[in-house]
Visitor: 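To start, I am sharing the structure in question, which I have written as structure tokens.
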Number of protein chains: 2
Amino acid sequence: MNEKQNKKSALHEKEGIPQPESFSASSLEKISKSRKIQPSATELITGILAHDKVALSRGITLVESTNLTHLAKANEIISGCLPYANKSVRIGITGVPGVGKSTFIESFGKYLTSLGKKVAVLAIDPSSTISHGSILGDKTRMEELVKDENAYIRPSASGETLGGVARKTRETIILCEAAGFDTIIIETVGVGQSETAVHSMVDFFLLLKISGAGDELQGIKRGIMEMADAVVINKADGDNINKAKLTKTEFNRALHLFPAKKSGWIPTAATCSAITREGIDKVWETISNYFELVKANHYFEEKRKEQNQYWMMETINEQLKSNFYNHADIIKLLEANKKAVANNEISPFAAAMQLLEKYFKK
Amino acid sequence: MNEKQNKKSALHEKEGIPQPESFSASSLEKISKSRKIQPSATELITGILAHDKVALSRGITLVESTNLTHLAKANEIISGCLPYANKSVRIGITGVPGVGKSTFIESFGKYLTSLGKKVAVLAIDPSSTISHGSILGDKTRMEELVKDENAYIRPSASGETLGGVARKTRETIILCEAAGFDTIIIETVGVGQSETAVHSMVDFFLLLKISGAGDELQGIKRGIMEMADAVVINKADGDNINKAKLTKTEFNRALHLFPAKKSGWIPTAATCSAITREGIDKVWETISNYFELVKANHYFEEKRKEQNQYWMMETINEQLKSNFYNHADIIKLLEANKKAVANNEISPFAAAMQLLEKYFKK
């Protein structure tokens with residue numbers, strides 16, 4: 001340390017001329033005081049249960065924090081909220097960029113609040129590390145909903161792995177529900193693996209499409225169509241109406257070829273226009289019918305129980321892998337074995353066994 | 001021990017009357033001699049590389065063995081065969097019971113051997129533990145193919161988990177390829193998770209369907225249709241021809257709605273009759289076109305490399321999980337936490353963390 005300081009000495013300033021203070025002593029004191037009075041976990045829980053959006057936002061910030069000192073407090077808040085959560089309906093909405101997801105959520109959300117519902121909009125977007133929050137980041141796209149007292153919009157937790165973002169979103173749902181939101185909408189871009197994560201945390205999964213665009217443009221990830229409980233063809237307005245209806249028919253035909261769902265629900269396609277708001281009410285009617293069915297046949301609770309257990313196991317499996325793949329001894333051998341396996345120099349199983357032996361004998 | 005023996009004493013036989021020998025001393029000697037001359041790994045490798053079916057069957061039996069003393073020998077055989085493997089095309093065929101898989105494979109296999117190909121037929125069927133080998137078990141269904149010198153039919157490795165069965169099938173492929181088989185067909189029942197396993201070990205994935213049966217009857221697992229490189233409507237014969245053609249059109253329409261595949265290949269639907277053998281040649285033509293495409297655009301090698309690495313990782317991940325979930329301390333707490341999580345008494349993440357702490361501090 002000393003050596004380093006000595007090396008820097010050529011650049012050191014003469015002492016004796018004090019820098020002017022940029023902050024007055026009194027301001028500094030005020031700031032440090034306000035920092036000390038960060039609300040406690042109990043205060044935040046009380047605030048959230050009293051439906052205070054500021055407390056909710058602070059709680060979510062703690063849940064999203066990667067700072068380890070926040071972890072205990074975040075866990076306390078989640079535990080405090082858990083008994084009041086789980087009383088909402090959770091709807092996943094996916095669709096590639098360009099199908100009008102934000103506009104749809106704006107129209108759909110406003111329609112729901114007009115029915116007296118309290119709507120929270122969250123997003124899962126692991127790509128936002130690169131794009132700096134491509135979805136929901138631009139809140140101005142939902143300018144009416146963002147001003148609505150009965151709506152709460154939270155952009156995607158950024159950074160980290162999909163597993164991390166998904167965990168945070170799942171805990172954020174708990175906080176939103178405890179804060180009185182009865183309809184949770186989770187938005188995702190239908191191009192990555194995030195749909196599987198969203199599918200495992202929502203009750204209803206809606207796939208947004210548009211007509212006209214070639215399939216390539218609509219490059220939704222394989223498997224997503226089979227997850228959908230409804231396909232909605234957006235932008236069914238102006239010259240587009242007939243094309244949208246045709247696309248709807250095509251999708252209804254395709255959906256018909258898929259096997260029956262465990263929920264007993266038969267997915268259908270519909271058209272709507274997020275701009276003229278034509279068909280938005282029908283989308284909600286479909287979703288309501290779904291909830292009527294799955295609450296009657298108890299699939300609703302069954303699925304939620306399964307989802308909870310899935311997330312417990314998923315967290316365990318992720319951690320087991322992370323512990324293994326981040327192990328110093330493993331990293332080097334893994335790269336070597338990956339190459340050997342790709343070139344058929346060793347069988348995948350023999351290569352795996354080598355690595356496992358090293359790990360467990362560490 | 002002694003006590004137990006004493007209790008049994010009321011039933012003991014008087015000593016002094018020797019039991020008649022059920023085997024003659026000379027027979028026993030012969031048997032034990034023949035047991036001693038089990039071929040060595042080197043002998044089996046030599047046999048396999050000389051295209052000897054008996055050596056191949058013995059090698060596969062070792063690979064399939066759950067006896068730990070056979071493991072080293074099995075691994076030696078796999079290593080010896082590996083440099084001569086990977087020179088075949090691997091085709092996965094799936095379809096629910098009733099679509100005529102066995103008859104299709106019989107016709108298709110005979111057609112391939114008539115073209116001078118050497119065909120090995122394997123099966124993945126983890127359900128066979130219960131059904132005692134429901135697929136390929138009844139070899140009489142392929143009575144022509146089973147007698148064909150250029151064909152080799154091996155029923156599914158039974159018992160164990162899907163992971164175990166899949167590993168064995170993958171290693172069996174290596175042995176079959178080293179034994180000169182240039183076309184490997186892997187059959188699976190399209191109702192479980194085994195399709196994902198098969199998909200990750202074949203180059204081409206064929207979904208067999210029939211017309212007429214309701215979708216429920218054809219209860220193929222969700223996601224399988226999106227994996228398919230071709231959908232073949234079987235039983236297009238007699239009164240069924242028109243219905244089959246209609247179904248083909250429907251599938252072509254549905255396949256069109258799926259996004260483009262990474263391979264650049266556009267999946268299509270076709271009809272055939274395994275009984276009249278009408279259309280079987282066209283199925284092979286389609287598959288040949290696929291291989292021409294993916295070998296030219298290098299997707300073929302790329303996918304095989306990825307598959308090898310996938311299997312290495314998959315084996316590691318399976319073992320990490322198996323080590324955790326079979327840990328005595330974990331089993332009990334896991335059950336308790338699963339219940340607590342299902343009833344929303346604890347968040348899935350808090351429950352997972354409890355378990356992980358216990359495991360890593362063991």
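Reckoned from all heavy atoms, side chains included, excluding hydrogens, waters and symmetry mates. In the text below, chain A, chain B and the rest are named by the order of the sequence lines, each starting its count at 1.
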Visitor: Sort B/Asn343 into side chain, backbone, both or neither according to what part of it lies under 4.5 angstrom from a heavy atom of chain A.
Guide: side chain

Visitor: Name the region of A/Asn86, side chain, backbone, both or neither, that has any atom closer than 4.5 Å to a heavy atom of chain B.
Guide: side chain

Visitor: Measure B/Tyr325 against the heavy atoms of chain A and call it side chain, backbone, both or neither at under 4.5 Å.
Guide: side chain

Visitor: Could you look at A/Met353 and say if it's the side chain, the backbone, both or neither that has a heavy atom under 4.5 Å from chain B?
Guide: side chain

Visitor: Let's test your reading of the structure: which of A/Glu314, A/Gln319, A/Glu345 forms the most heavy-atom pairs below 4.5 Å with chain B?
Guide: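 Among the listed options, the one with the most contacts to chain B is A/Gln319.
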
Visitor: Using every non-hydrogen atom in the two residues, find where B/Leu356 and A/Thr315 come nearest and quote the distance to one decimal.
Guide: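 Heavy atoms only, the tightest pair is CD1-O, 4.3 Å.
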
Visitor: Identify the heavy atoms of B/Met312 and A/Ala352 that sit nearest to each other, and give their distance.
Guide: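 Nearest pair, atom of B/Met312 first, then A/Ala352: O-CB, 3.6 Å.
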
Visitor: Sort out for me which of B/Leu320, B/Ile174, B/Ile346 touches chain A most, counting heavy-atom pairs under 4.5 Å.
Guide: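 Highest number of heavy-atom pairs under 4.5 Å: B/Leu320.
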
Visitor: Of all the heavy-atom pairs spanning B/Ile78 and A/Ser347, show the shortest one and how long it is.
Guide: CG2-CB, 4.0 Å

Visitor: With a 3.5 Å distance limit and no angle check, can you tell me whether B/Asn308 reaches the backbone of A/Pro348 through a side-chain donor-acceptor pair?
Guide: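 Not a single qualifying donor-acceptor pair exists.
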
Visitor: Check the pair B/Asn323 / A/Tyr359 against side chain to side chain donor-acceptor pair (under 3.5 Å), numbers first and verdict last.
Guide: CA-CA 12 Å; B/Asn323 202 295; A/Tyr359 180 68; over 6 Å; no

Visitor: By a 4.5 Å heavy-atom criterion (distance strictly below it), what part of A/Arg304 contacts chain B: side chain, backbone, both, or neither?
Guide: neither

